[in-house]
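Everything below concerns the one structure shown next.
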Amino acid sequence: MAASKVKQDMPPPGGYGPVDYRRNLPRRGLSGYSMFGIGVGILVFGYWRLFRWNRERRRLQIEELEARIALLPLLQAEQDRRTLRMLRENLEEEAVIMKDVPGWKVGEKAFHTDRWVPPVTEELFNLRPREEMLQKKFGFQWYV
Amino acid sequence: MPGVVEIPTLQELNVEEVNVSSSVLKAAAHHYGSQCDKPNKEFMLCRWEEKDPRKCMKEGTKVNECAVNFFRQIKGNCAESFTEYWTCLDYSNLAELRQCRKQQKAFDSCVLEKLGWERPDLGDLSKVTKVATSRPVPENPYHSRPRPEPNPPIEAELQPSKHGSRLFFWNW
(Lines give C-alpha, C1' and ligand atoms only; values in the text may rest on other atoms or scores of the structure.)
Protein backbone atom coordinates (compact mmCIF):
# COMPACT_ATOMS: atom_id res chain seq x y z
CA MET A 1 0.00 0.00 0.00
CA ALA A 2 1.28 3.48 -0.66
CA ALA A 3 0.38 4.66 2.90
CA SER A 4 3.50 6.48 3.99
CA LYS A 5 3.48 9.03 1.15
CA VAL A 6 -0.29 10.14 1.47
CA LYS A 7 -0.95 13.26 3.57
CA GLN A 8 -3.04 12.19 6.57
CA ASP A 9 -4.04 13.78 9.82
CA MET A 10 -1.78 12.00 12.24
CA PRO A 11 -1.10 12.67 15.90
CA PRO A 12 1.94 14.80 16.61
CA PRO A 13 5.23 12.99 17.01
CA GLY A 14 5.62 11.88 20.59
CA GLY A 15 1.92 11.60 21.17
CA TYR A 16 -0.39 14.04 22.87
CA GLY A 17 0.38 15.57 26.16
CA PRO A 18 -1.27 14.56 29.45
CA VAL A 19 -5.06 15.23 29.62
CA ASP A 20 -6.45 16.62 32.82
CA TYR A 21 -9.54 14.54 33.42
CA ARG A 22 -9.98 15.15 37.15
CA ARG A 23 -13.12 16.92 38.53
CA ASN A 24 -12.80 20.72 38.63
CA LEU A 25 -15.14 21.99 41.32
CA PRO A 26 -13.16 24.73 43.11
CA ARG A 27 -14.30 25.99 46.47
CA ARG A 28 -14.82 29.68 45.88
CA GLY A 29 -17.21 32.49 46.55
CA LEU A 30 -18.78 33.75 49.74
CA SER A 31 -20.20 31.49 52.35
CA GLY A 32 -23.94 31.16 52.81
CA TYR A 33 -23.97 33.25 55.97
CA SER A 34 -22.20 36.16 54.38
CA MET A 35 -24.49 36.10 51.34
CA PHE A 36 -27.47 36.15 53.68
CA GLY A 37 -25.86 38.97 55.60
CA ILE A 38 -25.30 40.95 52.42
CA GLY A 39 -28.92 40.45 51.42
CA VAL A 40 -30.18 41.55 54.82
CA GLY A 41 -27.81 44.51 54.70
CA ILE A 42 -29.17 45.61 51.35
CA LEU A 43 -32.69 45.28 52.69
CA VAL A 44 -31.92 47.33 55.79
CA PHE A 45 -30.22 49.98 53.71
CA GLY A 46 -33.24 50.11 51.45
CA TYR A 47 -35.58 50.48 54.43
CA TRP A 48 -33.47 53.26 55.88
CA ARG A 49 -33.59 55.16 52.59
CA LEU A 50 -37.34 54.57 52.40
CA PHE A 51 -37.98 55.89 55.90
CA ARG A 52 -35.90 58.97 55.23
CA TRP A 53 -37.71 59.66 51.99
CA ASN A 54 -41.09 59.11 53.69
CA ARG A 55 -40.21 61.66 56.33
CA GLU A 56 -39.21 64.08 53.60
CA ARG A 57 -42.51 63.42 51.77
CA ARG A 58 -44.37 64.05 55.00
CA ARG A 59 -42.65 67.40 55.33
CA LEU A 60 -43.54 68.27 51.74
CA GLN A 61 -47.15 67.24 52.34
CA ILE A 62 -47.29 69.43 55.43
CA GLU A 63 -46.03 72.32 53.35
CA GLU A 64 -48.73 71.83 50.74
CA LEU A 65 -51.41 71.54 53.40
CA GLU A 66 -50.17 74.73 55.04
CA ALA A 67 -50.56 76.55 51.73
CA ARG A 68 -54.18 75.41 51.73
CA ILE A 69 -54.65 76.48 55.37
CA ALA A 70 -53.29 79.93 54.60
CA LEU A 71 -55.71 80.41 51.71
CA LEU A 72 -58.85 79.07 53.41
CA PRO A 73 -60.18 82.40 54.83
CA LEU A 74 -60.01 84.05 51.41
CA LEU A 75 -61.75 81.15 49.71
CA GLN A 76 -64.36 80.90 52.46
CA ALA A 77 -65.15 84.61 52.28
CA GLU A 78 -65.48 84.46 48.51
CA GLN A 79 -67.71 81.39 48.72
CA ASP A 80 -69.96 83.08 51.31
CA ARG A 81 -70.30 86.14 49.16
CA ARG A 82 -71.08 84.04 46.13
CA THR A 83 -73.80 82.09 47.97
CA LEU A 84 -75.36 85.25 49.36
CA ARG A 85 -75.25 86.90 45.95
CA MET A 86 -77.05 83.92 44.37
CA LEU A 87 -79.65 83.96 47.14
CA ARG A 88 -80.20 87.66 46.60
CA GLU A 89 -80.66 87.20 42.86
CA ASN A 90 -83.05 84.31 43.48
CA LEU A 91 -85.03 86.49 45.86
CA GLU A 92 -85.38 89.27 43.33
CA GLU A 93 -86.38 86.79 40.62
CA GLU A 94 -88.94 85.32 42.98
CA ALA A 95 -90.42 88.77 43.61
CA VAL A 96 -90.75 89.26 39.87
CA ILE A 97 -92.19 85.83 39.14
CA MET A 98 -94.69 85.60 41.99
CA LYS A 99 -95.96 89.16 42.08
CA ASP A 100 -99.42 88.18 40.83
CA VAL A 101 -99.93 85.20 43.12
CA PRO A 102 -102.23 86.13 46.05
CA GLY A 103 -100.99 85.39 49.54
CA TRP A 104 -97.36 84.72 48.58
CA LYS A 105 -94.76 86.18 50.89
CA VAL A 106 -91.53 86.78 49.00
CA GLY A 107 -88.45 85.31 50.67
CA GLU A 108 -90.44 83.50 53.31
CA LYS A 109 -88.53 81.24 55.63
CA ALA A 110 -89.04 77.55 55.12
CA PHE A 111 -88.29 76.68 58.75
CA HIS A 112 -89.46 77.83 62.16
CA THR A 113 -86.02 78.84 63.30
CA ASP A 114 -83.88 81.97 63.18
CA ARG A 115 -80.57 80.34 62.49
CA TRP A 116 -78.78 80.34 59.17
CA VAL A 117 -79.83 77.32 57.13
CA PRO A 118 -77.27 76.66 54.36
CA PRO A 119 -79.16 76.63 51.06
CA VAL A 120 -79.58 73.41 49.12
CA THR A 121 -77.60 73.28 45.86
CA GLU A 122 -80.66 72.51 43.77
CA GLU A 123 -82.50 75.48 45.21
CA LEU A 124 -79.56 77.83 44.78
CA PHE A 125 -79.00 76.96 41.13
CA ASN A 126 -82.67 76.64 40.33
CA LEU A 127 -82.81 79.45 37.80
CA ARG A 128 -79.47 78.72 36.18
CA PRO A 129 -78.48 76.15 33.52
CA ARG A 130 -78.13 72.61 34.78
CA GLU A 131 -74.42 72.50 33.98
CA GLU A 132 -73.67 75.01 36.72
CA MET A 133 -75.37 72.88 39.34
CA LEU A 134 -73.58 69.75 38.16
CA GLN A 135 -70.31 71.62 38.26
CA LYS A 136 -70.97 72.67 41.84
CA LYS A 137 -72.00 69.19 42.88
CA PHE A 138 -69.47 67.03 41.10
CA GLY A 139 -66.87 69.40 39.72
CA PHE A 140 -64.19 68.48 42.24
CA GLN A 141 -64.46 64.74 41.60
CA TRP A 142 -61.53 63.25 39.73
CA TYR A 143 -62.91 59.75 39.38
CA VAL A 144 -66.23 58.19 38.63
CA MET B 1 -91.63 81.70 63.62
CA PRO B 2 -92.35 82.27 59.96
CA GLY B 3 -90.75 85.39 58.63
CA VAL B 4 -88.42 86.58 55.93
CA VAL B 5 -84.86 85.36 55.51
CA GLU B 6 -82.64 88.42 55.60
CA ILE B 7 -80.10 88.49 52.82
CA PRO B 8 -77.69 91.39 52.34
CA THR B 9 -78.21 93.52 49.25
CA LEU B 10 -76.05 93.30 46.16
CA GLN B 11 -74.59 96.67 47.10
CA GLU B 12 -73.25 95.28 50.36
CA LEU B 13 -71.92 92.19 48.65
CA ASN B 14 -69.91 94.24 46.18
CA VAL B 15 -66.40 93.91 47.49
CA GLU B 16 -63.13 94.37 45.63
CA GLU B 17 -62.25 90.81 44.62
CA VAL B 18 -58.79 89.36 44.18
CA ASN B 19 -58.73 88.53 40.46
CA VAL B 20 -56.03 85.94 40.53
CA SER B 21 -55.79 82.27 39.54
CA SER B 22 -55.06 79.28 41.74
CA SER B 23 -51.34 78.86 41.08
CA VAL B 24 -50.76 82.53 41.91
CA LEU B 25 -52.58 82.04 45.20
CA LYS B 26 -50.64 78.88 45.99
CA ALA B 27 -47.34 80.52 45.13
CA ALA B 28 -47.97 83.38 47.51
CA ALA B 29 -49.78 81.26 50.11
CA HIS B 30 -47.05 80.98 52.74
CA HIS B 31 -46.26 84.69 52.75
CA TYR B 32 -49.97 85.53 52.62
CA GLY B 33 -50.55 83.32 55.64
CA SER B 34 -47.97 85.12 57.70
CA GLN B 35 -48.71 88.68 56.53
CA CYS B 36 -52.51 88.73 56.43
CA ASP B 37 -52.74 86.59 59.54
CA LYS B 38 -54.84 88.91 61.72
CA PRO B 39 -57.89 89.60 59.52
CA ASN B 40 -57.86 85.98 58.35
CA LYS B 41 -57.99 84.57 61.85
CA GLU B 42 -60.67 87.06 62.91
CA PHE B 43 -62.84 86.12 59.97
CA MET B 44 -62.49 82.40 60.63
CA LEU B 45 -63.23 82.89 64.31
CA CYS B 46 -66.33 84.93 63.50
CA ARG B 47 -67.51 82.38 60.97
CA TRP B 48 -67.07 79.44 63.26
CA GLU B 49 -68.59 81.10 66.31
CA GLU B 50 -71.58 82.74 64.72
CA LYS B 51 -72.21 79.95 62.21
CA ASP B 52 -73.78 82.56 59.97
CA PRO B 53 -72.10 84.10 56.94
CA ARG B 54 -74.34 87.17 57.05
CA LYS B 55 -72.89 88.24 60.39
CA CYS B 56 -69.31 88.08 59.15
CA MET B 57 -69.55 90.32 56.10
CA LYS B 58 -67.39 93.07 57.66
CA GLU B 59 -64.59 90.69 58.56
CA GLY B 60 -64.84 89.20 55.07
CA THR B 61 -64.40 92.66 53.59
CA LYS B 62 -61.30 93.17 55.71
CA VAL B 63 -59.89 89.83 54.52
CA ASN B 64 -60.35 90.93 50.94
CA GLU B 65 -58.77 94.32 51.61
CA CYS B 66 -55.73 92.70 53.15
CA ALA B 67 -55.42 90.25 50.27
CA VAL B 68 -55.68 92.96 47.62
CA ASN B 69 -53.12 95.04 49.48
CA PHE B 70 -50.79 92.07 49.74
CA PHE B 71 -50.89 91.34 46.03
CA ARG B 72 -50.49 95.00 45.23
CA GLN B 73 -47.33 95.12 47.31
CA ILE B 74 -45.92 92.06 45.59
CA LYS B 75 -46.74 93.42 42.16
CA GLY B 76 -45.11 96.70 43.08
CA ASN B 77 -41.92 95.21 44.34
CA CYS B 78 -41.12 91.68 43.27
CA ALA B 79 -43.18 91.21 40.11
CA GLU B 80 -40.66 89.34 37.91
CA SER B 81 -39.48 86.73 40.37
CA PHE B 82 -43.05 86.15 41.49
CA THR B 83 -44.22 85.70 37.91
CA GLU B 84 -41.44 83.19 37.29
CA TYR B 85 -42.37 81.32 40.45
CA TRP B 86 -46.03 81.00 39.73
CA THR B 87 -45.57 80.16 36.07
CA CYS B 88 -43.24 77.35 37.15
CA LEU B 89 -45.91 76.12 39.58
CA ASP B 90 -48.58 76.44 36.94
CA TYR B 91 -46.64 74.11 34.63
CA SER B 92 -47.75 70.92 36.37
CA ASN B 93 -51.29 69.81 37.10
CA LEU B 94 -50.75 69.35 40.79
CA ALA B 95 -48.71 72.55 41.33
CA GLU B 96 -46.19 70.76 43.52
CA LEU B 97 -44.13 73.16 45.54
CA ARG B 98 -41.06 70.94 45.53
CA GLN B 99 -40.53 71.20 41.77
CA CYS B 100 -39.93 74.94 41.90
CA ARG B 101 -37.42 75.38 44.70
CA LYS B 102 -35.04 77.55 42.68
CA GLN B 103 -37.67 80.11 41.76
CA GLN B 104 -39.01 79.96 45.30
CA LYS B 105 -35.61 80.83 46.70
CA ALA B 106 -35.26 83.75 44.29
CA PHE B 107 -38.72 85.04 45.19
CA ASP B 108 -38.10 84.64 48.91
CA SER B 109 -34.81 86.52 48.85
CA CYS B 110 -36.35 89.31 46.74
CA VAL B 111 -39.28 89.69 49.12
CA LEU B 112 -37.01 89.54 52.16
CA GLU B 113 -34.72 92.29 51.00
CA LYS B 114 -37.39 94.58 49.57
CA LEU B 115 -40.28 94.13 52.00
CA GLY B 116 -38.70 92.40 54.98
CA TRP B 117 -41.10 89.45 54.89
CA GLU B 118 -39.82 86.13 56.13
CA ARG B 119 -41.23 82.88 54.87
CA PRO B 120 -42.78 81.05 57.84
CA ASP B 121 -41.07 77.81 58.87
CA LEU B 122 -42.66 74.43 58.43
CA GLY B 123 -45.52 74.02 60.87
CA ASP B 124 -45.91 77.70 61.72
CA LEU B 125 -49.11 78.22 59.77
CA SER B 126 -50.84 75.21 61.30
CA LYS B 127 -50.25 76.32 64.89
CA VAL B 128 -53.36 76.99 66.98
CA THR B 129 -53.55 80.68 67.92
CA LYS B 130 -55.65 82.80 70.23
CA VAL B 131 -57.45 85.62 68.48
CA ALA B 132 -58.23 88.91 70.25
CA THR B 133 -61.46 90.47 68.98
CA SER B 134 -63.78 93.19 70.11
CA ARG B 135 -66.75 91.14 69.02
CA PRO B 136 -68.48 89.45 71.99
CA VAL B 137 -68.97 85.71 72.11
CA PRO B 138 -72.44 84.96 70.71
CA GLU B 139 -74.73 83.12 73.05
CA ASN B 140 -76.96 80.46 71.59
CA PRO B 141 -75.53 80.57 68.06
CA TYR B 142 -77.86 77.78 67.01
CA HIS B 143 -80.94 79.71 68.18
CA SER B 144 -82.15 76.69 70.11
CA ARG B 145 -85.34 76.87 72.10
CA PRO B 146 -85.01 77.16 75.90
CA ARG B 147 -84.10 73.79 77.35
CA PRO B 148 -86.74 72.09 79.56
CA GLU B 149 -86.30 72.20 83.32
CA PRO B 150 -84.68 69.22 85.00
CA ASN B 151 -86.88 66.84 86.95
CA PRO B 152 -87.60 68.05 90.50
CA PRO B 153 -85.77 66.07 93.21
CA ILE B 154 -87.84 63.26 94.78
CA GLU B 155 -89.00 64.33 98.23
CA ALA B 156 -90.32 61.08 99.73
CA GLU B 157 -88.43 58.16 101.23
CA LEU B 158 -87.35 55.74 98.54
CA GLN B 159 -88.48 52.16 99.20
CA PRO B 160 -87.36 49.07 97.32
CA SER B 161 -90.06 48.14 94.87
CA LYS B 162 -92.70 45.60 95.83
CA HIS B 163 -92.47 42.20 94.08
CA GLY B 164 -88.86 42.87 93.07
CA SER B 165 -87.56 44.28 89.82
CA ARG B 166 -90.07 44.92 87.08
CA LEU B 167 -87.36 44.34 84.47
CA PHE B 168 -88.46 41.29 82.46
CA PHE B 169 -88.67 38.22 84.64
CA TRP B 170 -86.17 38.80 87.41
CA ASN B 171 -87.78 39.01 90.76
CA TRP B 172 -85.03 40.45 92.90
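In the text below, chain A, chain B and the rest are named by the order of the sequence lines, each starting its count at 1. What you are looking at is a predicted structure, and each value in this text was computed from that prediction instead of being measured.
Residue B/Lys26 touches chain A through both its backbone and its side chain, counting heavy-atom pairs closer than 4.5 Å. When heavy atoms are compared at a cutoff of 4.5 Å, A/Arg68 does not approach chain B at all. Interface remark: B/Thr9 contributes backbone and side-chain atoms alike to the contact with chain A (heavy atom separation under 4.5 Å). Residue A/Val117 does not touch chain B at all, counting heavy-atom pairs closer than 4.5 Å. Neither the backbone nor the side chain of B/Glu6 comes within contact range of chain A; no heavy atom of the residue lies under 4.5 Å from a heavy atom of that chain.
Note: B/Ser126 leads B/Ala95, B/Ser126, B/Ser144 in heavy-atom pairs under 4.5 Å with chain A. Between chain B and the options A/Glu92, A/Arg81, A/Arg82, the largest number of non-hydrogen pairs under 4.5 Å is found for A/Arg81. Of the listed residues (B/Gly60, B/Pro8, B/Ser34), the one with the most heavy-atom contacts under 4.5 Å to chain A is B/Pro8. Between chain B and the residues A/Ala110, A/Pro73, A/Gly107, A/Ala70, the largest count of heavy-atom pairs under 4.5 Å involves A/Pro73.
Side-chain N or O atoms of A/Glu66 include none that pairs as donor or acceptor with a backbone N or O of B/His30 at under 3.5 Å.
A heavy-atom distance below 4.5 Å is found between the side chains of B/Asn14 and A/Arg85. The closest side-chain heavy-atom distance from A/Thr113 to B/Tyr142 is not below 4.5 Å. Within the 4.5 Å cutoff, no side-chain heavy atoms of B/Val63 are placed close to those of A/Gln76. For the pair A/Glu64 and B/Leu94, the minimum side-chain heavy-atom distance is 4.5 Å or more. The shortest side-chain heavy-atom distance between A/Glu78 and B/Glu17 falls under the 4.5 Å cut-off.
Of the candidates B/Lys55, B/Arg54, B/His143, B/Arg54 is the only one forming a side chain to side chain contact (heavy atoms under 4.5 Å, CB included) with A/Trp116.
Follow the hydrophobic side-chain contacts under 4.5 Å out from B/Leu45 and you never reach B/Val137; the two are in separate clusters. Cluster membership check: A/Val44 shares its hydrophobic cluster with A/Phe36, using side-chain heavy-atom separations under 4.5 Å among Ile, Leu, Val, Met, Phe, Trp and Tyr. Residues B/Val111 and B/Leu25 fall within the same hydrophobic cluster, defined by Ile, Leu, Val, Met, Phe, Trp and Tyr side chains chained together at heavy-atom separations under 4.5 Å. Residues A/Phe138 and A/Leu124 fall within the same hydrophobic cluster, defined by Ile, Leu, Val, Met, Phe, Trp and Tyr side chains chained together at heavy-atom separations under 4.5 Å. Note on B/Met57 and A/Leu75: separate hydrophobic clusters, where clusters join Ile, Leu, Val, Met, Phe, Trp and Tyr whose side-chain heavy atoms are under 4.5 Å apart, directly or indirectly.
Hydrophobic cluster membership of B/Leu122, counting Ile, Leu, Val, Met, Phe, Trp and Tyr whose side-chain heavy atoms lie under 4.5 Å apart directly or via other members: A/Ile62.
The neighbour count for B/Lys41 NZ, taken as heavy atoms of other residues, nucleotides or ligands under 6.0 Å away, is above 12. Residue B/Arg101 places its CZ atom among more than 12 non-hydrogen atoms of other residues, nucleotides or ligands, all under 6.0 Å distant. Atom CD of A/Glu122 sits in a crowded spot, with more than 12 heavy atoms from other residues, nucleotides or ligands closer than 6.0 Å. Shown here is B/Leu167, whose CG atom has more than 12 heavy atoms of other residues, nucleotides or ligands within 6.0 Å. Remark: A/Asp20 CG is packed, more than 12 non-hydrogen atoms of other residues, nucleotides or ligands lying under 6.0 Å away. Shown here is B/Glu118, whose CD atom has no more than 12 heavy atoms of other residues, nucleotides or ligands within 6.0 Å.
A/Arg59 CZ to B/Arg98 CZ: the interatomic distance, rounded to the nearest 0.5 Å, is 13.0 Å. Atom CZ of A/Arg88 and atom CD of B/Gln11 lie 11.5 Å apart (nearest 0.5 Å). The CG atom of A/Leu72 sits 11.5 Å away from atom CG of B/Leu125, with the distance rounded to the nearest 0.5 Å. Interatomic distance, A/Thr83 OG1 to B/Ile7 CD1, rounded to the nearest 0.5 Å: 11.0 Å. Separating the CZ atom in A/Arg115 from the CD atom in B/Glu50 is a distance of 14.5 Å, to the nearest 0.5 Å. Taking CG of A/Leu60 as the start and CG of B/Leu97 as the end, the distance is 8.5 Å to the nearest 0.5 Å.
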Take A/Leu84 and B/Glu12, measure what side chain to side chain contact (heavy atoms under 4.5 Å, CB included) needs, and give me the verdict at the end.
CA-CA 10 Å; A/Leu84 288 170; B/Glu12 291 171 27; over 6 Å; no
Output, in order, the C-alpha distance, side-chain angles, deciding distance and verdict of side chain to side chain contact (heavy atoms under 4.5 Å, CB included) for A/Asp80 and B/Arg47.
CA-CA 10 Å; A/Asp80 287 345; B/Arg47 192 72 173 73; 2.7 Å; yes
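Using a 4.5 Å heavy-atom cut-off against chain A, the contacting residues of residues 67-91 of chain B are B/Ala67.
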